[in-house]
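Here the structure is a predicted model, which means the values were calculated and not measured.
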Amino acid sequence: MDAALGCSLLSFLAEVPDPRSRHGRRHPLTAILALACCAIMSGAKSYAAIGQWGQDQDIAMMHRLGFTRTPPKAGGIRKVLIALDVKALEHALTQWSEALLSRPIAAEPSPVQACALDGKSARGSFDGLQKAVHLLSLVAHESGLTLAQAAVPHGGAEKTNEHKAALRLLEGLVLQGRLITGDAMFCQRDFCQQVIAAGGDYLVFVKDNQPTLLHDIQTAFAPAAAGAFSPSAATDLG
């Protein structure tokens, strides 16, 4: 929320539609979302921890977030976040991350920005009946900012689900000037073509899931046999 950056988190959160009725609103939605974001970035991992973080801050901090009265506790924050349009919030956070990482136009070309695709199961999301929520995120290497994330259908049990989720996750993102990195599950033709078509580059592992490609690479980089000449060298000597 540094004004010098020209991209206040609050200004992006203000674009998220409020799911509450106008009657009985005690706190601005932007302030509640900003509190939750700040608490999570400070290490909070539950509604109780988010609520406690808000109670622990001084009045000046709460005023900066937009509160005009004592902030809500965990129960009130939980109700708001459950009713929220998740896609709208993720879009706002993606736009904020993009604004933070935007680079000014300069005479010298900017270095390529590396971003990693990373899948993780959300801690505490398994309830004994439903599978744990598995999220696929695109994270900037240098800053650690999450540019975008999406839930992987059917969890992370089937690794192919992350590959398909990545195709949807990258849609609409600015990939020009970015290097998308990932493990072997993303070594797929459609994924690589999508990144290139969007103006980006990719760096992925090649393993046994692509046996022909792996063999070709191993052959290309294999050391030459002792005493053997390459065809071109033999022609030159002749």
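- The list of ring-ring contact (aromatic ring centres under 6.0 Å, His included) pairs with a residue in residues 180-213, not counting sequence neighbours, reads F186-F191.
- Side-chain contact between D18 and T30 is absent, with no heavy atoms from C-beta onward closer than 4.5 Å.
- Checking side-chain atoms of R25 against main-chain N and O of S21 turns up a donor-acceptor pair under 3.5 Å.
- Counting all heavy atoms, side chain and backbone alike, H141 lies closest to T181 at NE2-OG1, 3.1 Å.
- Taking the side chain as every heavy atom from C-beta outward, D118 and L135 never approach each other to under 4.5 Å.
- Within a 6.0 Å radius of CG in D58, more than 12 heavy atoms belonging to other residues, nucleotides or ligands are found.
- By the side chain to side chain contact (heavy atoms under 4.5 Å, CB included) test, T146 pairs with S137, V139, Q149, sequence neighbours left out.
- Side-chain contact between F67 and P72 is present, with heavy atoms from C-beta onward closer than 4.5 Å.
- Remark: R78 CZ is loosely packed, at most 12 non-hydrogen atoms of other residues, nucleotides or ligands lying under 6.0 Å away.
- Taking NZ of K164 as the start and CG of L169 as the end, the distance is 15.0 Å to the nearest 0.5 Å.
- L170 and V174 fall into different hydrophobic clusters, where Ile, Leu, Val, Met, Phe, Trp and Tyr side chains are chained together by heavy-atom contacts under 4.5 Å.
- Here the side chain of Q188 pairs no donor or acceptor atom with the backbone of H163 at under 3.5 angstrom.
- In the hydrophobic clustering of ILVMFWY residues, with side-chain heavy atoms under 4.5 Å counting as a link, L167 and L138 come out together.
- Under 3.5 Å, the side chains of H91 and E15 contain no donor-acceptor pair of N or O atoms.
- You'll find the side chain of T70 stays beyond 4.5 Å of the side chain of M62, heavy atoms only.
- Heavy atoms only, all atoms of each residue included: L173 and A148 are closest at CD1-CB, 4.0 Å.
- M41 and Y47 fall within a single hydrophobic cluster, where Ile, Leu, Val, Met, Phe, Trp and Tyr are joined by side-chain heavy atoms under 4.5 Å apart, directly or via other members.
- Inter-residue side-chain proximity for L13 and L89 is flagged as met; some heavy-atom pair is nearer than 4.5 Å.
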Chi angles and distances behind the side-chain contact (heavy atoms from CB on, under 4.5 Å) call for N161, L136: CA-CA 10 Å; N161 292 337; L136 180 67; over 6 Å; no

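- Crowding of I82 atom CD1: a count of heavy atoms from other residues, nucleotides or ligands under 6.0 Å exceeding 12.
- Pairing each heavy atom of P28 with each of R20, the nearest pair is C-NH2, 3.8 Å.
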Name each donor-acceptor pair under 3.5 Å that joins a side chain in residues 49-57 to protein atoms two or more places apart or in another chain, with its distance.
| unit_1 | atom_1 | unit_2 | atom_2 | d |
| --- | --- | --- | --- | --- |
| Q52 | NE2 | D56 | OD1 | 2.8 |
| W53 | NE1 | S42 | OG | 3.4 |
| Q55 | NE2 | P71 | O | 3.4 |
| Q57 | NE2 | W53 | O | 3.0 |

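- Clustering ILVMFWY residues whenever any of their side-chain heavy atoms sit less than 4.5 angstrom apart, transitively, puts V206 in a cluster other than the one holding M185.
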Working for side-chain contact (heavy atoms from CB on, under 4.5 Å), residues L147 and R178: CA-CA 12 Å; L147 302 180; R178 285 179 170 155; 3.9 Å; yes

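- Grouping the Ile, Leu, Val, Met, Phe, Trp and Tyr side chains by contacts below 4.5 angstrom, directly or via other members, places V152 apart from V86.
- Shown here is H215, whose NE2 atom has no more than 12 heavy atoms of other residues, nucleotides or ligands within 6.0 Å.
- Taking the side chain as every heavy atom from C-beta outward, Q210 and V204 never approach each other to under 4.5 Å.
- When all heavy atoms are compared, the tightest approach of A83 to P19 is O-CB, 3.3 Å.
- Listed here is the closest heavy atom pair of L117 and A166: CD1-CB, 4.1 Å.
- Contact between A34 and L65 at its shortest, heavy atoms only, is CB-CD2, 3.9 Å.
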